[in-house]
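All of these numbers come straight from a predicted model, not from anything done at the bench. Numbering starts at 1 and runs along the sequence shown.
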Amino acid sequence: MDNIEKYPELLPVFQDLQRFIKPAEYELWIRPLDFVYENNILTIVVPAQTWQDTISKRYEGILHDLFLQRLGNTVTIQYKIQPQEEHKPILTDKDVISATQNTDFAVERAPVTETTPSNLFISRLNASFTFENFIESPSNRFARQSAEAVVHQLGRPENNPLVIFSSPGLGKTHLLHAIGNQIMKENAGAKVLYMSGEEFVNDYIESLTTQSAENFRRKCRNVDCFLMDDIQFVSGKEGCTLEFFNTFNTLYSSGKQIVLSSDRSPQQLGWDERLSSRLLAGLTTEIKRPNLETRIAILRYKRDLNHFNISDDVLSFIAEGVQTNVRELQGCLFRLVHYCNVWNVTPTIPVAKEILSDMLENNSNPNVNINTIKKVVGKYYSVHMEDFNSKRKIQAIAWPRQIAMYLGTELTNLSLMELGREFNRDHSTVVHARDLVKEKVTTDPFFASQITQIIEDIKDVEKK
Ligand code: ADP
Ligand code: MG
């Protein structure tokens, strides 16, 4: 991990990993590694096969989750085995095997108290979530402005607590971190603590079993601003809800700022009267779903930030297909770019459609007339209308026919059987044609752009 400084954006990921696994595990398996991170590909340099096997079995899942949560990226993990003499001499395979045999390495969270020296305050903030990189829109404007107001009016009763709620993936976590980061920027030495509801529950339970409840309390209560994400996790666990209530009261009565997020409104949390009325005493704001312009703006921002080579029309296509969740919106962009990089394909709309089919909302087909498809494809490839239904098998006719069948599956609501009938064939021929053309769309950028053009032409003819 000596080269982690080269990739500051990865720090939050590895800091989290360190908290999720036992210290001994981290020291043994993770710390000795070097890695390279480029284009969302994490190449882990391992000294021996044992490392690769272990890391891929135990930590790949967590790493994937953390990349997605912390950086909003899907990551591809690959390995490079570097012989021991080139690498820093660490432990040999034999050491590792004997260590593994003697230790229970089940992945569980490391007790925070063990890894945190008492004089060190860890805010748990993710520096990559800021106000600057949060796109403002009508759907989040009030939440964002309230969040910014809090930074400059810490502890004011009218903003305390600030509660931000929304359905998943709309920027709550981002705003909480942005508040924390901005406070730290403007007030050197401020104590800001970010904690998710899940962490609160886990840490609290752990503090009971390790008899460090006092430490836990001190950690949560001795702060200037307490940011707690996803407070719905505390619901239904009596001891935790009570602990949260007490934490809340201690902070509130000493004028400390509290910012909370939830996936539902305070009223819907189902908490007892006293607690919900406390939550509602400050400022409550909802982030709504972003409109189309905002979704496009977010995609353009991420594209420019990452220097992705992808056109506005493809971004608009993605924005139309993902309407309810910014995390998934970004996920689509990253998946498409990653796929196109790996296969050296230009990201076009047909490619996006194929690669993201499971993530895009099923906008019903435009239900184009099959004869329009035949007409436009026929014109494009100089094929007579009647040849689409004929038995002629020469490539100059068979290929455009297959393209027309593929477009039939994409642009009409006809079943495969019905489509087969339209071409005087059975449904299996349509399936074969569809798969063949689909394959070419995703592997041949030139062809993909031809298909985009044909689709545009078909839509134009239909409009007339
Ligand atoms: P939530 O906590 O509401 O589930 P997150 O804060 O984790 O959502 O947001 C999901 C992803 O979307 C994050 O990567 C975040 O940076 C991004 N995101 C959400 N809203 C915006 C926005 N308005 N501008 C820029 N990025 C955003
Ligand atoms: Mg969140």
Side-chain angles (χ1 to χ4, degrees), residues 69 72 125-126 129-183 192 194-198 200 225-236 241 244-245 248 251-252 257-299 301 319 322-331 361:
Q69 282 171 22
L125 286 171
N126 179 346
F129 293 137
T130 62
F131 285 117
E132 288 78 32
N133 63 18
F134 187 82
I135 311 273
E136 187 171 316
S137 70
S139 55
N140 63 35
R141 184 159 296 138
F142 187 55
R144 186 207 163 106
Q145 286 173 356
S146 308
E148 281 183 308
V150 156
V151 172
H152 302 114
Q153 304 172 348
L154 286 177
R156 280 249 198 108
E158 61 268 34
N159 298 332
N160 208 13
L162 170 64
V163 182
I164 303 174
F165 73 96
S166 80
S167 48
L170 295 183
K172 298 182 295 293
T173 299
H174 190 132
L175 277 182
L176 257 58
H177 283 283
I179 292 173
N181 287 320
Q182 194 63 27
I183 294 175
V192 177
Y194 168 88
M195 197 182 270
S196 70
E198 202 175 358
F200 185 90
C225 178
F226 184 55
L227 305 159
M228 189 156 134
D229 209 354
D230 293 317
I231 52 172
Q232 72 275 4
F233 271 100
V234 175
S235 301
T241 320
F244 174 73
F245 187 53
F248 185 98
L251 289 166
Y252 188 81
Q257 180 67 46
I258 303 161
V259 183
L260 308 169
S261 91
S262 163
D263 70 351
R264 60 203 86 162
S265 72
Q267 295 93 328
Q268 290 166 330
L269 280 166
W271 288 359
D272 85 50
E273 243 336 275
R274 279 181 315 159
L275 192 43
S276 12
S277 64
R278 292 274 157 125
L279 295 190
L280 291 166
L283 185 60
T284 296
T285 155
E286 179 179 7
I287 307 180
K288 304 241 174 58
R289 291 173 179 185
N291 60 18
L292 180 65
E293 289 74 37
T294 307
R295 300 198 302 275
I296 294 175
I298 291 173
L299 288 176
Y301 176 80
V322 184
Q323 301 180 357
T324 56
N325 186 318
V326 178
R327 187 180 299 113
E328 284 176 15
L329 188 69
Q330 295 178 166
E361 276 170 39

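- Between D229 and M195, every side-chain heavy-atom pair lies at or beyond the 4.5 Å cut-off.
- For S146, the side-chain contact (heavy atoms from CB on, under 4.5 Å) criterion is met by F142, L162, L283, T285, not counting sequence neighbours.
- Evaluation of the side-chain contact (heavy atoms from CB on, under 4.5 Å) rule for P157 yields no partner, not counting sequence neighbours.
- Nearest heavy atoms, V234 versus G197: CG2-O, 4.3 Å.
- A distance of 10.5 Å separates CZ of F233 from OG of S262, quoted to the nearest 0.5 Å.
- The CG atom of N181 sits 9.5 Å away from atom CG of L227, with the distance rounded to the nearest 0.5 Å.
- In this view, N126 and S128 satisfy the side chain to side chain donor-acceptor pair (under 3.5 Å) rule, not counting sequence neighbours.
- With values rounded to the nearest 0.5 angstrom, N325 atom CG is found 7.5 Å from S167 atom OG.
- Counting heavy atoms from C-beta on, the side chains of F248 and P161 come closer than 4.5 Å.
- Within the 4.5 Å cutoff, side-chain heavy atoms of F244 are placed close to those of W271.
- Sorted by first and then second residue, the ring pair (Phe, Tyr, Trp, His ring centres under 6.0 Å) pairs involving residues 145-167 (not counting sequence neighbours) form an empty list.
- Evaluation of the side-chain contact (heavy atoms from CB on, under 4.5 Å) rule for L280 yields P266, Q267, T284 as partners, not counting sequence neighbours.
- Nearest approach of Q257 to R156, heavy atoms of both residues: OE1-N, 4.2 Å.
- A distance of 9.0 Å separates CD of E286 from CG of L170, quoted to the nearest 0.5 Å.
- Under the salt bridge (charged side-chain N to carboxylate O under 4.0 Å, His left out) criterion, R264 pairs with no residue, sequence neighbours left out.
- For A319 against L329, the heavy-atom pair with the smallest separation is CA-CD1, 3.9 Å.
- Not counting sequence neighbours, the partners of F129 by the ring pair (Phe, Tyr, Trp, His ring centres under 6.0 Å) test are H174, H177.
- Residues satisfying the side chain to side chain donor-acceptor pair (under 3.5 Å) criterion with Q232, sequence neighbours excluded, are D230.
- The salt bridge (charged side-chain N to carboxylate O under 4.0 Å, His left out) check on E273 picks up nothing, with sequence neighbours excluded.
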Full working for side chain to side chain contact (heavy atoms under 4.5 Å, CB included) between I164 and L260
CA-CA 6 Å; I164 303 174; L260 308 169; over 6 Å; no
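- Shown here are the side-chain contact (heavy atoms from CB on, under 4.5 Å) partners of E148, two or more places apart in sequence or in another chain: F131, R144.
- Take S139 and apply the side chain to side chain donor-acceptor pair (under 3.5 Å) test, not counting sequence neighbours, and it matches S137.
- For the atom pair R295 CZ and I298 CD1, the distance stands at 9.0 Å (nearest 0.5 Å).
- Not counting sequence neighbours, the partners of T130 by the side chain to side chain donor-acceptor pair (under 3.5 Å) test are E132, N133.
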As a quick check of understanding, evaluate side chain to side chain contact (heavy atoms under 4.5 Å, CB included) for M228 and V259, giving each step before the final call.
CA-CA 6 Å; M228 189 156 134; V259 183; over 6 Å; no
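- Note that CG of N140 is 7.0 Å distant from CG of L175, once rounded to the nearest 0.5 Å.
- Put simply, the side chain of D263 does not reach to within 4.5 Å of the side chain of S166, judged on heavy atoms.
- Between the side chains of Y252 and N160, not a single donor N or O lies within less than 3.5 Å of an accepting N or O.
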